[in-house]
Structures are given as structure tokens and as C-alpha cells.
Undergrad: 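Got a structure here, written out as C-alpha cells. Questions coming.
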Amino acid sequence: MPELPEVETMRRALAAVLAQGSRQIVAVRHGTVGLRRPFPRRMSSQLRGRTITSLSRHGKYLLWHCEGLQLVNHLGMTGTWRVVTDGSTRIHDHVALVLADGRHLVYHDPRRFGLVDLCPTGNGHPLLAGLGPDAMDQAACTTTHLVAACRGRRVPIKVLLLDQRVIAGIGNIYANEACFMAGIDPRRAAGRIAPARLARLREAITTVLAAAITAGGTTISDYRNALGDQGWFQHDLQVYGRQAEPCRICARPLDHTTLGGRVTVWCRHCQR
DNA sequence: CCTAAGTCCTGAGTGC
DNA sequence: TGCACTCAGGACTTAG
């Protein structure tokens, strides 16, 4: 569930769940294995009795606001939340927030690249402090910001888009898609792209992320968001996962390579 | 055997 | 030579 549209889809689904029943946490259960880092000390006693007042998101981070305390949550590569009403558990369940009405919100994450941590409201969590503006925050994530971030940089533009310190929320799927939509070669050095073209890229980021949110995100293989439905944006992908298939604009076969350790797909003819 | 929606760390390289 | 910064590659983990 990892990039911005998938996290936003999850956020909305969880908000809907919380709106139709109790939002008070009466217990927290968690395993001993931990995720990317160990679970915070006394997580259960710190959260017990608190009400989840709202859920927000910055980049790929989901923030659970709990009356003075913030539950900071990253879904890693395979993290999901689901609602459990009968107390049943599955392998790779790691955290359960037990609500006053008996429902359990269960965090499930086979690869354990996700993260659950606590910090006081107001005090920004150290992990959030280094993040750039959220990719969907039009007021903060401007062309001016992108142009400044690209200046002097020799990294491929697609690698720069993946840097959460520059812009928060873009992952491998949407970095590929945004470069295609903007007609920019993903290998091109960030510092060697004209501002007018970066403006197009900025616009493409908004467009592709907004479309993906509307579609409920992208679902890879048979992955399912157990809270709601699967996403449908995989049917709208133009390049990601389509290497050697025909470009949807010019019909030439799509190229692929590795940039920043991630598969990169683009059209040699349509993207310069 | 290979690959995968992410992030963090290390070490090499670059420029001042 | 030193320092700060940049960038590439690997590690982490499980499932298919």
C-alpha cells in the first residue's frame, strides 16, 4: 500500500471506519518481533483510553492523532490495516488497536518494512522533520520549490523525485508515470532540465497522483486493501510494469533500465 | 532462481 | 589534506 495515493486511500477508508463507531482505544496489542524498528516502549499504556480524533497524512506517513499523542505510521512495502470484528488474527499481524465497541484495527505487514511509533503532538517526529512538502500540497510543493531542488543536481530526475526530502509521497510507480506524462527522460540530470519543463513535471505529479487517488490507488498482483476494495489505477498505468510493451502514444516498445536501484520504464521517443 | 509499492546505512567520489 | 556533500549499491524481509 505504499505510495501517496495508496496511503491516502487507506487514510480515507480508516477515517470512514472511525466515523461509524467508537474512536476510543481501550487496549493495544502487539507482537514482540517489531517492524523496521522495535515498537515504542509502553505503547499500550500510552494509548489506552485515548480517542482517535483525526487521521492525517504527510507523504507516505499516516498520522493518527490521539489527544496529545501522535501515532506515526509508515506502511513500508506491504503494510495494511483491516477491521476485525471477531478477534481473529493472521500471520504477520503486528498491532491491534482495540476500540471501545469491540472492533480491532489490525496492522498487517509481511515484510515488516513498515513503522509504528509514538510522539507528542506538536513535537514533530524526527522521521517527519526531514521530509519535503507533501506532493499534493499545492501551496508548498510549487514549481519554484522543484526548480530550486534540481539546481546543480546531477542525479537523474526520476531518482530526485524518489527523494522524500525533496518531495514527500512519490514512489517508484508514480515517479515513472510522472516523467512519462511530462515527456521527460527519467535519466536526465535534474539540474539540466529547463524550468518550464519542470513546471510541466510538477503539473504531471499532481495530475497522476490525483487520478490514482480517485481510482483508489494501484493494486499489484492480487494484493487487497482489506478495509475496502482493491485499487484500480493499475489499468491506467502508462509505463510502470510495461517494459517492452508498446508506448500508448507512439506504439514503439518501451525501454527499461535501473536508476537508483529501481526499475525505470520510459519511451525513448516520447520522453526527452 | 528471480522480483517487488521503501528506507537507511556505508563507502567511494567530487568540489571547494 | 580535510570537510561537506552527492551518489551508487547493498541490507533488511517475505511471498509468489
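Throughout, protein chains are lettered first and strands after them, A, B, ... in sequence-line order, and every chain is numbered starting at 1. The analysis underlying the following values was restricted to heavy atoms, covering all of them including side chains, and did not include hydrogens, waters or symmetry mates.
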Undergrad: Is the A:Phe39 ring parallel, tilted or perpendicular to the A:His30 ring (thresholds 30°, 60°)?
TA: tilted
Undergrad: Any side-chain N or O of A:His92 below 4.0 angstrom from OP1/OP2 of C:dT13?
TA: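 False: A:His92 side-chain N/O out of range (4.0 Å or more) of C:dT13 OP1/OP2.
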Undergrad: Between atom CZ in A:Arg90 and atom P in C:dT14, what is the gap in whole Å?
TA: 16 Å
Undergrad: Does A:His256 have more than 12 heavy atoms from other residues, nucleotides or ligands lying within 6.0 Å of its NE2?
TA: no
Undergrad: Do we see a donor-acceptor contact under 3.5 Å between the side chains of A:Asp109 and A:His92?
TA: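 No, because no side-chain N or O of A:Asp109 sits under 3.5 Å from a partner of the opposite role on A:His92.
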Undergrad: Between A:Ile220 (CD1) and C:dG16 (C1'), how many Å, whole number?
TA: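 It is 14 Å, rounded to the nearest whole Å.
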Undergrad: Rounded to whole angstroms, how far apart are CG on A:Asn73 and C1' on B:dG6?
TA: 14 Å
Undergrad: If I take atom CZ in residue A:Arg151 and atom C1' in nucleotide C:dC5, what distance separates them, rounded to the nearest angstrom?
TA: 17 Å
Undergrad: Ignoring hydrogens and angles, state whether a donor on the side chain of A:Tyr174 or A:Glu6 is under 3.5 Å from an acceptor on the partner side chain.
TA: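 Side-chain D/A pair, A:Tyr174 to A:Glu6: present.
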Undergrad: Using ring-ring contact (aromatic ring centres under 6.0 Å, His included) as the criterion, list what pairs up with A:His94, not counting sequence neighbours.
TA: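 Residues passing ring-ring contact (aromatic ring centres under 6.0 Å, His included) with A:His94: none at all.
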Undergrad: To the nearest Å, give me how far apart CG (A:Asp109) and C1' (C:dT13) are.
TA: 9 Å
Undergrad: So, is A:Arg153 close to the C:dC7 phosphate, meaning a side-chain N or O under 4.0 Å from OP1 or OP2?
TA: yes
Undergrad: Rounded to whole angstrom, note down the C1' distance from C:dC7 over to B:dA5.
TA: 23 Å
Undergrad: Determine whether a donor-acceptor pair (one donor, one acceptor, N or O, separation below 3.5 Å) exists between the side chain of A:Arg111 and the base of C:dA15.
TA: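 No, the side chain and the base share no sub-3.5 Å donor-acceptor pair.
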Undergrad: Could you tell me whether A:Val159 contacts a base, only the sugar-phosphate backbone, or nothing, with contacts defined as non-hydrogen atoms closer than 4.0 Å?
TA: nothing
Undergrad: Just how far, in rounded Å, is P of C:dT13 from CG of A:Leu115?
TA: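 That distance rounds to 15 Å.
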Undergrad: Under the criterion side chain to side chain donor-acceptor pair (under 3.5 Å), I'd like the reasoning laid out for A:Thr218 against A:Tyr240: C-alpha separation, chi angles, the key distance, then a yes or no.
TA: CA-CA 11 Å; A:Thr218 298; A:Tyr240 180 84; over 6 Å; no
Undergrad: Checking A:Arg48 against A:Ser44: is there a side-chain donor and acceptor pair closer than 3.5 Å?
TA: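 Short answer, yes.
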Undergrad: Just the rounded figure in Å: distance from C1' of C:dC12 to CE of A:Met77.
TA: 11 Å
Undergrad: Would you kindly give the CG-to-P distance between A:Asn176 and B:dA4, to the nearest whole Å?
TA: 11 Å
Undergrad: Where do A:Asp134 and A:His58 land on the side chain to side chain donor-acceptor pair (under 3.5 Å) test, with the steps shown first?
TA: CA-CA 6 Å; A:Asp134 184 88; A:His58 187 102; 5.1 Å; no
Undergrad: Between A:Tyr107 and A:Trp81, what is the ring plane arrangement, given parallel below 30°, perpendicular above 60°, and tilted in between?
TA: tilted
Undergrad: Could you check whether A:Gly261 gets within reach of a base, just the sugar-phosphate, or nothing at all, counting any heavy atom under 4.0 Å?
TA: nothing
Undergrad: Using Watson-Crick and G-U wobble pairs with both distances under 3.5 Å, what is the 5'-to-3' dot-bracket string of DNA chain C, with [ ] for crossing pairs and | for pairs outside the strand?
TA: .|||||||||||.|||
Undergrad: How does protein reach along nucleotides 7-16 of chain B, written 5' to 3' as B (base within reach of a heavy atom under 4.0 Å), S (only sugar-phosphate), or - (no contact)?
TA: BS-----SS-
Undergrad: Is the phosphate of B:dA5 approached by A:Tyr174 (side-chain N or O, under 4.0 Å from OP1 or OP2)?
TA: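 So the side chain of A:Tyr174 is outside the cut-off, no N or O lying under 4.0 Å from OP1 or OP2 of B:dA5.
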Undergrad: Are A:Leu161 and A:Ile213 connected into the same hydrophobic cluster when the rule is that any two of I, L, V, M, F, W, Y join if their side-chain heavy atoms are below 4.5 Å apart?
TA: yes
